[in-house]
Amino acid sequence: MFDTPSPLPPLPGVGYKPQHYSAILNDPAPVGWLEVHAENYMGDGGRPLAQLRALAERFPISVHGVGLSIGGPERLDPDHLARLTHLVGWLNPASFSEHLAWSTHDSHFLNDLLPLPYTLTTLERICDHIDEVQEALGRPMLLENPSSYLAFAESTMSETDFLREVTRRTGCGLLLDVNNVFVSSVNLGYSPQDYITAFPMDAVGEIHLAGHDEDEDDFGAPLLIDSHGREVAEPVWALLDQVLKQSGPRPLLIEWDNDVPDWPVLAAEAQRAQAALSQGALPPSPSGRLPRDIFGQKKPGGGAHA
């Protein structure tokens, strides 16, 4: 059995930025929880950790990793995993998540989240790495669907089927990034509504929203960039409505990591997220738990993958 942290509430959250520290403490409404990037808090002290400790006394915290390279071909970096384990140990966040992507090769770190082919070989590697993370942290993690700019001809399963199988083999949950779904659907030419219909919604522990930029590829076709640098686009809000009709209210994050606005602008996006949650088709359970108990249960059979 893994440890079971108190779950995030089915309320709006925002990605924490230090310039918003005072504003959040003075007037957080409607924000009910905060997300921090793990790699920003792996030091030994200083103002960032002091502020995080103070915020953790007031808000549930979600820790979001960007550097584990879950999909990388090599073993996970033991030093990075040890620093992450230390952070999660003292902070005891409500949630930890990482990306379905890779960002390392040999000893080199690539400053991007790169895509993967959806094959049995990739599936086994991803599951091995998730097992290692969950054993180190003593808790389940959430895995985020990627934003994609290309697809691999050698893929043998859809992204939604791949994610479903990862959850079955490892017992992890999922982080559904709705902006990533929309960005990928435009770039790769599929229906975002069909993707959401096929998504394993019972495994979703968080939902993310973010802004994207519009561009064109070399042939003049639309190309969307997952930039996290502007307000959430209207088609993404519309897609969220479909998600919430399937899932009911879930913890819902506004991500804004570049060209970060003043607090009132970010709070207004969170207010719109609250309105969307209030219109969700299904009420949250009285316990605050998700419909499927993806937390606290270790998969049968230890580290073996059926």
Practice task
For residues 29-40, pull every pair meeting side-chain hydrogen bond (donor to acceptor under 3.5 Å, both in side chains), keeping only residues two or more places apart or in separate chains.
Solution key: Glu35-His208, Glu39-His80
Those residues that, when tested against [X], pass side chain to side chain contact (heavy atoms under 4.5 Å, CB included) (two or more places apart):
| X | result |
| --- | --- |
| Val186 | Phe182, Pro222, Leu224 |
| Leu137 | Leu84, Thr85, Val88, Phe96, Val133, Arg139 |
| Glu154 | Pro117, Thr119, Phe152 |
| Ser191 | Gln193, Asp194 |

Could you tell me which residues satisfy salt bridge (Lys or Arg N to Asp or Glu O under 4.0 Å) with [X], sequence neighbours excluded, listed by chain and number?
| X | result |
| --- | --- |
| Arg164 | Asp161 |
| Arg230 | Asp213 |
| Asp257 | Lys17 |

Has the side chain of [X] got a donor or acceptor atom that lies under 3.5 Å from a matching backbone atom of [Y]?
| X | Y | value |
| --- | --- | --- |
| Glu165 | Leu123 | no |
| Gln134 | Met141 | yes |
| His129 | Glu74 | yes |
| Glu206 | Leu174 | no |
| Asn145 | Asp177 | yes |

Exercise for the section: Could you list the residues that satisfy side chain to side chain donor-acceptor pair (under 3.5 Å) with Ser22, not counting sequence neighbours? Expected result: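 Ser22: no side chain to side chain donor-acceptor pair (under 3.5 Å) contacts found.
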Practice task
List in chain and number order the residues that pass side chain to side chain donor-acceptor pair (under 3.5 Å) with Thr121, two or more places apart in sequence or in another chain; answer none if no residue qualifies.
Solution key: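 None.
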Practice task
Calculate, to the nearest 0.5 Å, the distance between atoms CG and CG belonging to Leu142 and Leu8 respectively.
Solution key: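 Answer rounded to 0.5 Å: 8.5 Å.
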Exercise for the section: Just jot down the ring-ring contact (aromatic ring centres under 6.0 Å, His included) partners of Tyr41, sequence neighbours excluded, or say none. Expected result: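 Scan of Tyr41 (ring-ring contact (aromatic ring centres under 6.0 Å, His included), adjacent residues dropped) gives none.
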Handout entry: Counterpart residues, ring-ring contact (aromatic ring centres under 6.0 Å, His included), relative to Tyr195 (two or more places apart)
Key =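 Expected list: Tyr190, Phe199.
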Problem - Glu255 side chain near Asn179 side chain, heavy-atom distance below 4.5 Å - result: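 Contact flag for Glu255/Asn179 side chains = no.
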